[in-house]
Student: 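Let me give you the structure first, and then I'll get to my questions.
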Amino acid sequence: MMRAWILPMLFVLCGSAVATGPVLRGSPGEAAAILLVFVLLAGVNSPLVFPRSISALEAQRRSAVDGRPVVYWRSGCKYCLRLRFRLGRSARRLHWVDIWRDRDGAAAVRTANDGNETVPTVVVAGRSHVNPDVEWVREQLSPSM
């Protein structure tokens with residue numbers, strides 16, 4: 001769990017260090033702007049941006065029942081972030097598994113990707129698709145969902 005927060009914490013720490021210079025020079029407004037940028041970067045790269053993650057086993061069980069795709073992701077991955085933002089509200093209709101929080105999820109991704117933890121990996125009807133097109137993922141969500 002801690003691994004997912006390393007990058008956001010580094011952004012905040014680096015932002016604090018960079019903002020110290022303007023504070024010492026007597027420019028608190030500039031320091032606040034710099035710190036705000038780093039905090040926003042931390043937020044975007046944190047697990048908070050993604051829908052609530054569930055375990056791989058729970059995602060597979062739910063997917064078998066409702067037919068919705070399972071998305072394996074990790075924080076700090078720009079491709080996962082791009083998929084999440086481009087899906088918009090549709091992202092909540094998918095089952096999200098953070099591979100840094102779930103060992104079974106990481107194992108499922110390694111199995112699907114020849115031993116590599118390449119994300120995002122989207123599983124639809126038992127078939128894995130690495131970094132699929134956003135429009136394709138939307139097509140996998142039936143209108144009744």
Student: State which residues pass side-chain hydrogen bond (donor to acceptor under 3.5 Å, both in side chains) with N113; sequence neighbours excluded, sorted by chain then number.
Tutor: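 If we apply the side-chain hydrogen bond (donor to acceptor under 3.5 Å, both in side chains) test to N113, skipping adjacent residues, the hits are T121.
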Student: Identify the heavy atoms of W96 and P51 that sit nearest to each other, and give their distance.
Tutor: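 Nearest pair, atom of W96 first, then P51: NE1-CG, 3.5 Å.
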Student: Under the side chain to side chain contact (heavy atoms under 4.5 Å, CB included) rule, what do S90 and L141 come out as? Steps first, then yes or no, please.
Tutor: CA-CA 8 Å; S90 300; L141 297 169; 4.0 Å; yes
Student: What's the spacing between R101 CZ and S55 OG if we round to 0.5 Å?
Tutor: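 Going from CZ on R101 over to OG on S55, the span is 12.5 Å.
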Student: Tell me which pairs pass ring pair (Phe, Tyr, Trp, His ring centres under 6.0 Å) where either residue lies in residues 102-132, with sequence neighbours left out.
Tutor: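 Residue pairs passing ring pair (Phe, Tyr, Trp, His ring centres under 6.0 Å), neighbours aside: H129-W136.
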Student: Which heavy atom of R68 sits nearest to which heavy atom of S63, and what is that distance?
Tutor: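 Looks like O-OG, 2.6 Å.
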Student: Under the criterion side-chain contact (heavy atoms from CB on, under 4.5 Å), which of L94, V137, V119 is the partner of V71?
Tutor: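 Only match with V71 under side-chain contact (heavy atoms from CB on, under 4.5 Å): L94.
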Student: Residues two or more places apart in sequence or in another chain: which of them pass salt bridge (Lys or Arg N to Asp or Glu O under 4.0 Å) with R25?
Tutor: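 Counting only residues at least two positions away or on another chain, R25 forms a salt bridge (Lys or Arg N to Asp or Glu O under 4.0 Å) with E30.
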Student: Does N131 reach the side chain of T118, with side-chain heavy atoms less than 4.5 Å apart?
Tutor: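 No, too far: nothing below the 4.5 Å cut-off.
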Student: When rounded to the nearest 0.5 angstrom, what distance separates CZ in R84 from CZ in R92?
Tutor: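 Here the rounded value is 5.5 Å.
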Student: Under 4.5 Å between side-chain heavy atoms, counting indirect links through other Ile/Leu/Val/Met/Phe/Trp/Tyr residues: same cluster for V130 and L83 or not?
Tutor: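 In one cluster with V130: L83, no.
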Student: Can you name the nearest heavy-atom pair linking D98 to R74, along with the distance?
Tutor: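 Residues D98 and R74, closest heavy atoms: OD1-CA, 3.7 Å.
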Student: Can you list everything that forms a side chain to side chain contact (heavy atoms under 4.5 Å, CB included) with R103? Sequence neighbours excluded, please.
Tutor: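 With neighbours one apart ignored, the set is empty.
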Student: Cluster question for you: counting only ILVMFWY and a side-chain heavy-atom cut-off of under 4.5 Å, with indirect links fine, are V23 and V12 together?
Tutor: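 The answer is no; the residues belong to distinct hydrophobic clusters.
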Student: Kindly write out the residues that satisfy ring pair (Phe, Tyr, Trp, His ring centres under 6.0 Å) with H95, not counting sequence neighbours, or none if the list is empty.
Tutor: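 None.
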Student: Only pairs at least two apart or in different chains count here, so list each salt bridge (Lys or Arg N to Asp or Glu O under 4.0 Å) that has a residue in residues 38-55.
Tutor: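 Sorted pair list comes back empty.
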Student: Could you tell me which non-hydrogen atom of A31 sits nearest to which non-hydrogen atom of A19, and how far apart they are?
Tutor: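 Distance-wise, the nearest heavy atoms are CB-O, 3.4 Å.
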Student: If you round to the nearest 0.5 Å, how far is CG of D133 from CZ of R138?
Tutor: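 Nearest 0.5 Å value for the CZ-CG distance: 9.0 Å.
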Student: What heavy-atom pair brings Y72 and V109 nearest, and what distance separates the two atoms?
Tutor: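 What the structure gives for the nearest pair is CB-CG2, 3.3 Å.
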Student: Which hydrophobic side chains are connected to L10, either touching it within the sub-4.5 Å cutoff or through other members that do?
Tutor: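 Joined to L10, directly or through intermediates: I6.
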Student: Quick one: hydrophobic cluster around V65, which other residues, with the 4.5 Å side-chain cut-off, linked directly or via members?
Tutor: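 Noted: V65 shares its cluster with no other residue.
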Student: Of all residues at least two apart in sequence or in a different chain, which pass the side-chain hydrogen bond (donor to acceptor under 3.5 Å, both in side chains) check with R62?
Tutor: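 Checked R62 against side-chain hydrogen bond (donor to acceptor under 3.5 Å, both in side chains); matches are E58.
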Student: Take atom OH in Y79; do more than 12 heavy atoms of anything else shown fall under 6.0 Å from it?
Tutor: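 12 or below, so no.
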Student: How does the hydrophobic cluster around F11 look, that is, which other residues are in it when side-chain heavy atoms under 4.5 Å mark a link?
Tutor: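 Same cluster as F11: L7, V18, I34, V37, F38, L41.
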Student: Can you tell me how far CZ of R61 sits from CG of D66, rounded to the nearest 0.5 angstrom?
Tutor: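 One gets 9.0 Å once the value is rounded to the nearest 0.5 Å.
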Student: Testing the basics here: between P120 and C80, what is the closest heavy-atom pair and its distance to 0.1 Å?
Tutor: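 Distance-wise, the nearest heavy atoms are N-SG, 3.6 Å.
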Student: In the single-linkage hydrophobic clustering (I, L, V, M, F, W, Y; side-chain heavy atoms under 4.5 Å), do L13 and V44 co-cluster?
Tutor: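 They do not share one cluster, since no chain of ILVMFWY contacts under 4.5 Å joins L13 to V44.
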Student: Under 4.5 Å side-chain heavy-atom separation, chaining through any Ile, Leu, Val, Met, Phe, Trp or Tyr, what else clusters with L36? Say none if it is isolated.
Tutor: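 Besides L36, the cluster holds L40.
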Student: Could you list all the salt bridge (Lys or Arg N to Asp or Glu O under 4.0 Å) pairs where at least one residue sits in residues 117-127, not counting sequence neighbours?
Tutor: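 Qualifying pairs: R110-E117.
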Student: Is there a donor in the side chain of W73 and an acceptor in the side chain of S53, or the other way round, less than 3.5 Å apart?
Tutor: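 The criterion, which ignores hydrogens and geometry beyond distance, is satisfied for S53 and W73.
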